[in-house]
Amino acid sequence: MPKIVNLTLSPKQASDVKHYAPLVARELRIKESDIALLRIVKRSVDARRGALKVNLSLEAYIDNEEQPAPLHFDYPSVVGKPEIIIIGAGPAGLYAALRLIELGLKPIIFERGKEVVERGKDIAQIQRNQGVDPDSNYAFGEGGAGTFSDGKLFTRSKKRGDYNRALQRLVFHGASPEILYEAHPHIGSDRLPRIIASMREAIRAAGGEVNFGSRVTELIVKGGKVQGVVVGDTKVEAQAVVIATGHSARDIYYMLHRSGVRLEAKPYAMGVRIEHPQQLINNIQYHRSADMEYLPAASYSLVQQVGGRGVYSFCMCPGGFIVPAMTDESESVVNGMSPSHRNSPYANSGFVTEIRAEDFTHLTERYGALAGLVFQQQLEQAAREQAPEHQMAPAQRVADFVAGRRSASLPKASYVPGLVSSRLDEWMPQFMATRLREAISIFDKRMRGYMTNEAVVVGVESRTSTPVRIPRDRVSLQHPEVEGLYPTGEGAGFAGGIISAALDGERVAESIAEIVKR
C-alpha cells in the first residue's frame, strides 16, 4: 500500500515537482532513492488572509511496492444486442451510451447538431457575426453545452455516482491526469473536442451508433409505453428512450407536451455575465502577493440572500471569455468559457438570481408547465432588442449598473461580437435588477474593488438551468406515466454541470440494464 504524505508549500515551491521527493523522503524518514513513484492525489490553493499556501496530498510508492495499473475501460461489442435510443450527445448522453455498452446494450444516439469539429466552424461563424445555426452552436452539437463553454468538472453532489470514476473515464479518453487531483478540475474548451471525439469513436467501435444532424420530432407512445421515436420521416423502435437533450432544447419540451407527457415547471435562475480584468481579481484574491506569478488565474464564488432569494456567482471562468450562447437569431444569450491555460486577461462569471413560479404566473394559464420557459425566452428577446445588430450584446459598466445610470462608454471586454451600452434595469424585470445591484454592493465589501467601472455586466445569462423538469420515478428513473422513457441530465432537471449530468446518465443506463432483457 502506498504511503500518504501531506505537504504545505509556498506557491513557488509547489510550482516545481523536483521539490516534492526530498520533502516526502524526509517526512517518511527514508532515502530519496527508495521512492519508486510519487503521485499527486489532491492539490488546492489556500488563499485566505496571510501567506499563500498550496496544500498537496501525495501517494508514495516505496521500493518494489506494486504500482497502480494504468487507467483502462473495456467497451465490449454490442452488435446484435438490444437497442436503446438516446436523444442528445452531451455528457449525459455520452456517458449513458458508454455505460450501456459496458452493460451489454447497444446505444443509438440521435444528435440534432454536428460532429465536434464541424460544430466548431459554426461557432466561429457566430463569433464573426455571420449568423446562428439553430442546430449547431454553443448549446447544440456533439458534447453539448459544456464542450465549448469551459469544461469545468467540479460538482458538489457526491451522491449521484462514482465521481472519481467519471473523471477517470475522461482521462482514459485523453484528458490530463491533473483533473484527478485538482480541487477544482477543469479541461478547457480547447482540449475537450478531441476527448469528446474519442468517446464517440469508442461508441462506434463497440457497435453503437452516433447519428448527427438527426432531430427527433416525435415520441412514439402506445398503451403508456414508449415504442421509439420519429427522426425526420423515419420511425426508429427501441426498448427504451433516454432523453438527454440539455437545458436549451425547447422544441423537445413542446414535443413532449404535444404527446401528452407530463412536465413540471421548476425554479431556475437568470441574470447577467459580469467581467473584470483578471489582474484585478488576482490582486483581490491573492492579496497582491509576490507569489501570484506561481498560481493559476484566481477565481471566486459568491452567494448572498437578497430580499429572500439567493443571488450568486455561477460558472466562474478565470482567464476566460464571454461567448454568444443564443440558439436563435431573435435572442441575446451569453455564457462563459476558459481555455485550458486560462490565460485571457479577463475573468467572467454568471451573476444570477432565483426565478420562482410567482414571477411568471401571468403566463401560467396559457402555457402551463412551459410558462417559465416562455418567461426565459421573453427576457432573451428583450435583451436582443437592445442590441439588434448581429450577435452584439447589451452591457453596462458595473458601478453604473448599481447607480442606475447609462454608461457613456464601455471598457474593453472579451465578448468578440461586440457590446452596446444599455440601461439593463430599464428592460430587465425590476425584481432581478434590484437584487443584482444590491448583491454587487454587498460583494464589494467582501472583495474590495469588485464594484468598479473597470468591470462590465453583459446581458443576459439565462441558461443556467432549465425552467422545466421531466418528472421520473425515484427508483426506476422512468417517467411515472410513460414506461421506458428515461429523462436524464440538465435538460430533464436532474443535473447542473458536466459531471453531474454524466453521472446521472450512467445511473439511467444502469436502471435500464436492470429491466431490459439482454
Side-chain angles (χ1 to χ4, degrees), residues 154 156 247 265-276 280-281 284-285 298-318 322 332-336 347-364 371-373 375-380 382-383 386 393-407 422-467 493 496-497:
F154 179 68
R156 290 181 174 84
H247 56 45
K266 62 178 278 291
Y268 59 111
M270 293 195 295
V272 295
R273 273 271 146 185
I274 185 167
E275 182 171 83
H276 294 77
L280 186 151
I281 299 299
I284 294 172
Q285 297 295 78
S299 63
Y300 61 83
S301 178
L302 297 166
V303 62
Q304 179 68 39
Q305 284 287 312
V306 179
R309 298 195 194 190
V311 180
Y312 54 94
S313 60
F314 173 85
C315 185
M316 201 273 150
C317 300
I322 299 178
S332 178
V333 182
V334 292
N335 200 346
N348 74 79
S349 176
F351 189 73
V352 298
T353 186
E354 292 179 68
I355 307 296
R356 298 176 180 173
E358 62 200 66
D359 301 320
F360 47 83
T361 51
H362 59 290
L363 299 170
T364 303
L373 199 70
F375 187 69
Q376 178 192 60
Q377 191 169 27
Q378 287 178 347
L379 179 62
E380 295 170 358
Q386 299 298 309
Q396 196 172 1
R397 291 179 184 265
V398 167
D400 290 342
F401 174 64
V402 173
R405 59 177 177 255
R406 181 177 293 272
S407 297
S422 171
R423 276 279 303 274
L424 273 63
D425 62 316
E426 291 184 339
W427 50 267
M428 184 181 289
Q430 281 303 302
F431 77 89
M432 289 178 60
T434 299
R435 285 180 171 86
L436 293 175
R437 289 191 295 200
E438 186 173 338
I440 289 173
S441 298
I442 294 170
F443 293 155
D444 186 60
K445 295 175 183 176
R446 301 179 195 167
M447 295 178 61
R448 291 293 184 184
Y450 190 80
M451 185 173 67
T452 171
N453 266 347
E454 291 183 67
V456 64
V457 287
V458 182
V460 289
E461 171 76 55
S462 52
R463 307 285 178 95
T464 61
S465 63
T466 172

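Heads up: numbering here begins at 1 and tracks the sequence. These numbers were taken from a predicted model, which means no experiment stands behind them.
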Atom of [X], atom of [Y] and distance for their closest heavy-atom approach:
| X | Y | value |
| --- | --- | --- |
| Ala347 | Met316 | CB-CE, 3.7 Å |
| Val460 | Ala383 | CG1-CB, 4.0 Å |
| Ala395 | Val456 | CB-CG2, 3.8 Å |
| Lys266 | Thr466 | NZ-O, 2.8 Å |
| Glu380 | Val333 | CD-CG2, 3.4 Å |
| Val458 | Ala393 | CG1-CB, 3.7 Å |

For the backbone of [Y] and the side chain of [X], can you confirm whether one donor and one acceptor N or O come within less than 3.5 Å of each other?
| X | Y | value |
| --- | --- | --- |
| Asp444 | Gly449 | yes |
| Ser313 | Leu302 | yes |
| Thr361 | Ala357 | no |
| Gln396 | Val402 | no |
| Ser407 | Arg397 | yes |

Inset, instruction - Carefully, step by step, assess Leu436 and Met428 under the rule side chain to side chain contact (heavy atoms under 4.5 Å, CB included). - result: CA-CA 11 Å; Leu436 293 175; Met428 184 181 289; 4.0 Å; yes
Just verifying a value: how many Å separate [X] [atom1] and [Y] [atom2], rounded to the nearest 0.5 Å?
| X | Y | atom1 | atom2 | result |
| --- | --- | --- | --- | --- |
| Lys445 | Gln304 | NZ | CD | 9.5 Å |
| Glu354 | Tyr268 | CD | OH | 12.5 Å |
| Asp359 | Phe375 | CG | CZ | 5.5 Å |
| Ser422 | Arg406 | OG | CZ | 5.5 Å |
| Leu379 | Ser332 | CG | OG | 9.5 Å |
| Met451 | Asp400 | CE | CG | 11.0 Å |

Side-chain contact, heavy-atom cut-off 4.5 Å: [X] with [Y]?
| X | Y | value |
| --- | --- | --- |
| Cys315 | Arg273 | yes |
| Val398 | Tyr450 | no |
| Arg463 | Asn335 | no |
| Glu461 | Ile274 | no |
| Gln386 | Arg423 | no |
| Pro429 | Met270 | no |
| Thr353 | Val306 | no |
| Val311 | Phe351 | yes |

Inset, instruction - Tell me, with the steps shown, if Met432 and Ile355 meet side chain to side chain contact (heavy atoms under 4.5 Å, CB included). - result: CA-CA 9 Å; Met432 289 178 60; Ile355 307 296; 4.0 Å; yes
Legend entry - Full working for side chain to side chain contact (heavy atoms under 4.5 Å, CB included) between Tyr312 and Val352: CA-CA 6 Å; Tyr312 54 94; Val352 298; 3.5 Å; yes
Inset, instruction - Apply side chain to side chain contact (heavy atoms under 4.5 Å, CB included) to Gln377 and Leu373, showing your working. - result: CA-CA 6 Å; Gln377 191 169 27; Leu373 199 70; over 6 Å; no
Inset, instruction - Could you tell me whether Phe443 and Tyr300 have their ring centroids closer than 6.0 angstrom? - result: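 Ring centres of Tyr300 and Phe443 not closer than 6.0 Å.
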